[in-house]
Amino acid sequence: MPSSKPPATVAEIRKTFLDFFASKGHTVVESSPLVPGNDPTLMFTNSGMVQFKDVFLGTDKRPYVRAASVQACLRAGGKHNDLENVGYTARHHTFFEMLGNWSFGDYFKRESLKWGWELLTEVYKLPKDRLWATVYQEDDEAYDIWTREIGLPAERVVRIGDNKGARYASDNFWMMADTGPCGPCSEIFYDHGPGIAGGPPGSPDADGDRYIEIWNHVFMQFDMQPDGSVKKLPAPCVDTGMGLERLAAVLQHVHSNYEIDLFDALIKAAARETGIKDLENPSLRVIADHVRATAFLVSDGVIPSNEGRGYVQRRIVRRGIRHGYKLGRKTPFFHKLVPDLVRLMGEAYPRLKAEEKRITEVLKAEEERFFETLETGMEILEASIGNGNGRPDTPPLPGHDASATVLPGEVAFKLHDTYGFPLDLTQDVCRERGVTVDVAGFDAAMDKQKAAGRAAGKFKMDRVLEYTGSGHPFTGYEKLEEPAQVVALYKDGTPVQQLSEGEQGVVVLDTTPFYAESGGQVGDCGVLTAEGVQFGVEDTQKIKADVYGHHGAVAQGRLKVGDKVMAKVDTVRRQATMRNHSVTHLMHKALREVLGTHVQQKGSLVDADKTRFDFTHNQPVTEDQVREIERRVNQEILENRPTQARVMDIDSAKATGAVMLFGEKYGDSVRVLDIGSSRELCGGTHVQRTGDIGLFKIVSEGGVAAGIRRVEAVTGANALAYLQQVESTVQSAAAALKAPVPELQARIGQVLDQVRSLEKEVAQLKGKLASSQGDELASQAVDVKGMKVLAATLNGADAKTLRDTMDKLKDKLKTAAIVLAAVDGGKVQLAAGVTADRMGQVKAGDLVNFVAQQVGGKGGGKPDLAMAGGTDASKLPTALKSVQQWVADRA
């Protein structure tokens with residue numbers, strides 16, 4: 001253990017932490033992805049303990065009882081939504097690294113606190129007289145360890161009481177949820193000295209910056225009950241977390257996280273790409289923080305989009321881009337920081353380095369997409385909030401008084417909907433101008449478009465069933481039917497002794513052939529029967545790692561705890577699901593062989609109807625590639641090789657070359673599955689031989705996000721049904737076109753040629769009609785201050801006809817401002833044109849937008865020619881009449 005001098009760089013601090021705890025018998029665990037594996041309760045990994053949450057809940061087991069990690073974390077939503085503070089305060093980040101060590105029923109408070117003190121004072125060499133600690137008011141054990149064993153003066157150990165009106169409602173009492181594992185915690189603070197304002201923890205001035213929390217030790221020793229009481233856990237655990245950035249600031253003798261060596265390098269890179277000399281500019285800190293968050297998100301499969309995790313990613317990316325725009329950078333720059341980030345963090349996070357090219361491509365594509373609308377959107381926003389920075393000819397969005405101090409929610413929503421401005425970004429700009437945003441109005445407008453809550457609804461925590469019994473064997477690999485006994489029943493999440501006919505609930509058996517949803521494979525359905533009793537199993541989910549919950553309803557009789565039942569899986573559904581799961585392994589291998597080894601699984605869903613598989617790939621899969629993938633998979637099926645499953649320890653599994661899916665969590669023993677030439681780790685149920693799959697057919701392929709593709713495929717009877725449906729469709733089309741099936745493609749070509757010929761004739765006729773109408777319309781132009789003004793309807797015209805007619809009228813009238821309109825099915829198409837000699841006074845884009853707003857639309861374009869649309873044709877006559885005065889006011 002190096003101790004001659006403290007580590008100096010972020011990389012050294014990170015390594016020293018892991019080395020220290022490795023020397024204390026801890027297993028060093030790699031950082032898990034920012035997207036938690038198999039956890040629908042969290043949008044992102046937001047703390048170091050997330051990857052161990054199932055261990056604490058009892059639903060997962062690990063081959064070690066001590067662990068240490070440096071976990072990549074992201075907090076940019078929900079209660080952790082501090083996005084507006086990032087870059088403007090000393091310690092707010094979207095992405096950060098959490099140093100942590102854990103004990104799963106092994107050591108407890110004494111070792112945790114003593115090792116913490118040893119690392120901080122003897123290895124990192126922090127001055128002992130600068131360190132303070134807090135403990136929960138009732139935790140005498142921790143207090144005594146600090147004062148009597150470690151020797152921290154009593155005046156620097158602060159007891160923190162309940163401050164939220166209820167027992168255990170304290171900043172120093174940690175709870176995983178309203179019920180479940182909980183316990184007191186002890187926080188370690190660093191005193192930056194009297195030169196900085198603020199008081200010690202627990203004092204009225206504790207919110208100051210002088211005393212900064214650097215390490216929290218959580219001691220999970222209780223189980224919180226629904227009534228607010230606690231029970232002692234049989235195996236108390238330790239969970240600690242220390243922010244790497246905060247620790248680095250202390251060790252590098254700087255006050256702000258943004259002054260540490262890692263951020264110093266990123267800020268200089270941001271300054272290089274934006275051309276800014278002032279390294280203290282907050283926008284550079286925003287960019288430096290946001291490129292870390294977005295790059296790590298892409299490396300973990302999160303692509304900018306309009307919902308869920310992808311929308312959070314888009315918000316962060318676009319906020320970073322906007323700050324570059326604010327500094328004067330009008331072209332894409334953000335993605336150019338990725339190589340700098342990889343150089344700084346790629347060694348600690350190899351996946352970041354491996355994905356460098358794809359990260360750069362994804363961020364560049366998002367930048368280019370946003371820059372297309374950023375300038376126009378910023379001009380409109382700035383005009384709307386009245387700061388005078390918008391172009392003189394850029395009107396604010398309708399419905400807002402630019403002198404007001406509140407931007408209406410409808411305006412914020414239009415910026416979001418039309419120009420891709422996330423609400424956070426609009427709030428950022430408004431905050432800089434002293435204007436607030438009507439968030440409630442924004443939400444109401446979003447609700448009208450049925451887009452609100454698309455992300456929030458996906459990440460709700462279901463109540464964890466409080467099962468305290470032992471685990472039960474799963475026999476579903478060998479059996480689909482067997483006798484069992486009911487050991488627990490639940491109704492609405494609460495334990496009950498019986499379920500009556502018609503009641504829904506969850507049944508726990510002492511043994512089960514039902515497969516519980518895991519690894520993308522859905523849970524089994526079936527039935528539990530006894531004399532006079534029938535319980536329909538609609539789904540099977542894990543309550544703990546080795547305890548299965550059978551969800552369903554009593555169809556007949558009354559089911560009681562202790563009843564003996566016959567557990568029978570729906571065989572047809574299970575066999576169909578097995579075929580689809582087995583073929584997924586073969587398809588995954590074929591995808592990598594045909595498309596390249598960069599293909600990695602990003603999600604899957606296997607049920608009785610299909611297999612759905614998401615994977616990394618930057619372009620559409622061609623028809624030829626699809627055929628080759630199908631050929632390879634079906635060849636494996638025809639070889640009819642037996643499937644082999646072996647259970648072994650994780651290291652032995654790695655030695656066999658088995659594919660391990662990125663982001664999946666594996667226990668101390670794993671199941672290695674050989675199907676055909678594929679070898680992967682998988683706990684799912686599978687066919688006995690590849691030939692049992694029957695037939696494989698890809699039915700769809702498409703993109704679900706930038707860099708992520710999705711294929712859906714069917715097998716067996718479903719594949720046959722699909723091919724029969726395609727055959728029926730082809731035969732129907734052949735009959736309709738009066739052609740034999742072999743000649744169908746040629747016949748379709750003939751019909752399309754005829755259609756194109758007719759469309760050309762129609763276009764020519766429209767042109768002649770417009771030309772004749774144009775001659776008549778020219779005579780209707782009115783002289784306004786030396787220029788001809790014309791606003792008229794052109795019957796039967798399309799967009800091209802409007803443009804062609806506009807050109808002819810401008811040639812005829814010489815000096816003119818013209819608006820032409822066409823109506824089709826209640827919708828309005830508009831074109832505005834201004835001759836070159838008057839574009840300094842009147843711009844076609846402003847003119848067409850003025851008319852469009854009156855007919856329920858919006859639009860714009862170039863100063864000489866602009867197009868727009870509208871939805872209310874009834875207001876068109878009045879709108880056209882208003883053109884003459886509008887031009888007169890500007891001529």
Side-chain angles (χ1 to χ4, degrees), residues 576 579-580 583-584 586-587 590-591 593-595 608-615 617-638 693-704 708-772 794-805 822-827 829 867 869:
R579 285 193 290 269
N580 288 333
V583 89
T584 303
L586 300 179
M587 180 173 66
L591 284 166
E593 290 172 345
V594 174
L595 303 181
D609 298 324
K610 65 186 178 304
T611 173
R612 189 181 75 197
F613 191 81
D614 295 348
F615 58 96
H617 190 56
N618 288 324
Q619 55 192 5
V621 183
T622 67
E623 289 186 16
D624 287 344
Q625 288 171 331
V626 167
R627 291 193 187 98
E628 178 59 19
I629 293 165
E630 290 177 334
R631 187 195 68 76
R632 288 172 182 252
V633 172
N634 282 297
Q635 180 61 41
E636 298 249 31
I637 293 171
L638 288 171
I693 296 169
L695 174 65
F696 168 77
K697 184 75 180 76
I698 293 176
V699 298
S700 69
E701 187 280 335
V704 292
I708 305 292
R709 308 298 296 179
R710 170 176 292 173
V711 293
E712 288 194 4
V714 289
T715 62
N718 292 328
L720 177 61
Y722 172 80
L723 293 174
Q724 288 174 334
Q725 179 60 46
V726 170
E727 183 181 39
S728 176
T729 300
V730 170
Q731 290 176 341
S732 296
L737 293 174
K738 296 181 174 58
V741 170
E743 299 175 12
L744 181 59
Q745 188 171 353
R747 179 64 180 135
I748 290 174
Q750 293 173 358
V751 171
L752 289 176
D753 287 341
Q754 292 173 358
V755 170
R756 283 190 285 267
S757 177
L758 292 172
E759 287 175 342
K760 187 175 181 180
E761 289 183 29
V762 170
Q764 291 173 344
L765 291 172
K766 282 185 175 181
K768 292 179 180 178
L769 176 63
S771 179
S772 63
L794 201 61
N795 295 323
D798 56 16
K800 183 178 184 303
T801 302
L802 289 177
R803 287 193 295 268
D804 291 345
T805 305
V823 178
D824 183 12
K827 294 185 178 181
Q829 178 75 45
M867 307 292 290

Participant: Nearest 0.5 angstrom please: Leu744 CG to Gln731 CD, how far?
Facilitator: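 CD of Gln731 is found 10.5 Å from CG of Leu744.
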Participant: Would you name the heavy atoms of Phe615 and Arg710 that are closest together and state the gap between them?
Facilitator: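 Closest pair (atom of Phe615, atom of Arg710, distance): CE2-N, 4.3 Å.
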Participant: Quick one: list whatever passes salt bridge (charged side-chain N to carboxylate O under 4.0 Å, His left out) with Glu743, sequence neighbours left out.
Facilitator: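 In terms of salt bridge (charged side-chain N to carboxylate O under 4.0 Å, His left out), with neighbours along the sequence ignored, Glu743 is linked to no residue.
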Participant: In plain terms, say whether Glu628 and Arg632 are close enough for a salt bridge, that is, a side-chain N and a carboxylate O under 4.0 Å apart.
Facilitator: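 Yes, Glu628 and Arg632 are salt-bridged.
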Participant: Suppose we screen for salt bridge (charged side-chain N to carboxylate O under 4.0 Å, His left out). Which residues come up paired with Glu623, at least two apart in sequence or across chains?
Facilitator: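 Residues passing salt bridge (charged side-chain N to carboxylate O under 4.0 Å, His left out) with Glu623: Arg627.
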Participant: Listed by chain and number, what are the side chain to side chain contact (heavy atoms under 4.5 Å, CB included) partners of Ala576, not counting sequence neighbours?
Facilitator: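 Ala576: side chain to side chain contact (heavy atoms under 4.5 Å, CB included) contacts with Arg579, Ala608.
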Participant: Let me confirm one number: the CG-CD distance from Leu752 to Gln754, rounded to the nearest 0.5 Å.
Facilitator: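 Between Leu752 CG and Gln754 CD, I get 9.5 Å after rounding to 0.5 Å.
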Participant: Can you tell me how far apart OG1 (Thr584) and NZ (Lys610) are? Round to the nearest 0.5 Å.
Facilitator: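 The distance works out to 11.0 Å.
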Participant: With sequence neighbours excluded, give me every salt bridge (Lys or Arg N to Asp or Glu O under 4.0 Å) pair touching residues 744-757.
Facilitator: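 Passing the test, one end in residues 744-757: Asp753-Arg756.
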Participant: Would you check, one step at a time, whether the test side chain to side chain contact (heavy atoms under 4.5 Å, CB included) holds for Val711 with Ile629?
Facilitator: CA-CA 11 Å; Val711 293; Ile629 293 165; over 6 Å; no
Participant: Please report the closest heavy-atom contact between Ala734 and Pro740, naming both atoms and the distance.
Facilitator: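 Heavy atoms only, the tightest pair is CB-C, 4.4 Å.
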Participant: Quick one: CG on Asn618 to CG on Leu595, what's the gap to the nearest 0.5 Å?
Facilitator: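 Answer for the CG-CG pair, Asn618 versus Leu595, is 11.0 Å.
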Participant: Does anything in residues 712-722 pair up under side-chain hydrogen bond (donor to acceptor under 3.5 Å, both in side chains), and if so which pairs, sequence neighbours excluded?
Facilitator: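 Found Asn580-Thr715.
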Participant: Of all the heavy-atom pairs spanning Ala822 and Ala797, show the shortest one and how long it is.
Facilitator: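 So the two residues come closest at CB-O, 3.5 Å.
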Participant: Would you be so kind as to tabulate the donor-acceptor pairs closer than 3.5 Å made by side chains of residues 696-703, with sequence neighbours excluded?
Facilitator:
unit_1	atom_1	unit_2	atom_2	d
Lys697	NZ	Glu630	OE2	2.9
Glu701	OE1	Arg709	NH2	3.2
Glu701	OE2	Val621	N	3.3
Glu701	OE2	Arg709	NE	2.7
Glu701	OE2	Arg709	NH2	3.0

Participant: With no hydrogens and no angle check, do the side chains of Thr801 and Asp798 hold a donor and an acceptor under 3.5 Å apart?
Facilitator: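 Note: Thr801 and Asp798 side chains meet the donor-acceptor criterion.
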Participant: Would you say the side chain of Gln619 lies within less than 4.5 Å of the side chain of His617, judging by non-hydrogen atoms?
Facilitator: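 His617 reaches Gln619 side chain to side chain.
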Participant: Name the one of Asn634, Ile693, Leu695 that satisfies side chain to side chain contact (heavy atoms under 4.5 Å, CB included) with Val583?
Facilitator: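 The residue from Asn634, Ile693, Leu695 that satisfies side chain to side chain contact (heavy atoms under 4.5 Å, CB included) with Val583 turns out to be Ile693.
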Participant: Where the side chain of Glu636 meets the backbone of Val633, is there a donor-acceptor pair that is under 3.5 Å apart?
Facilitator: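 Looks like no, no N/O pair under 3.5 Å.
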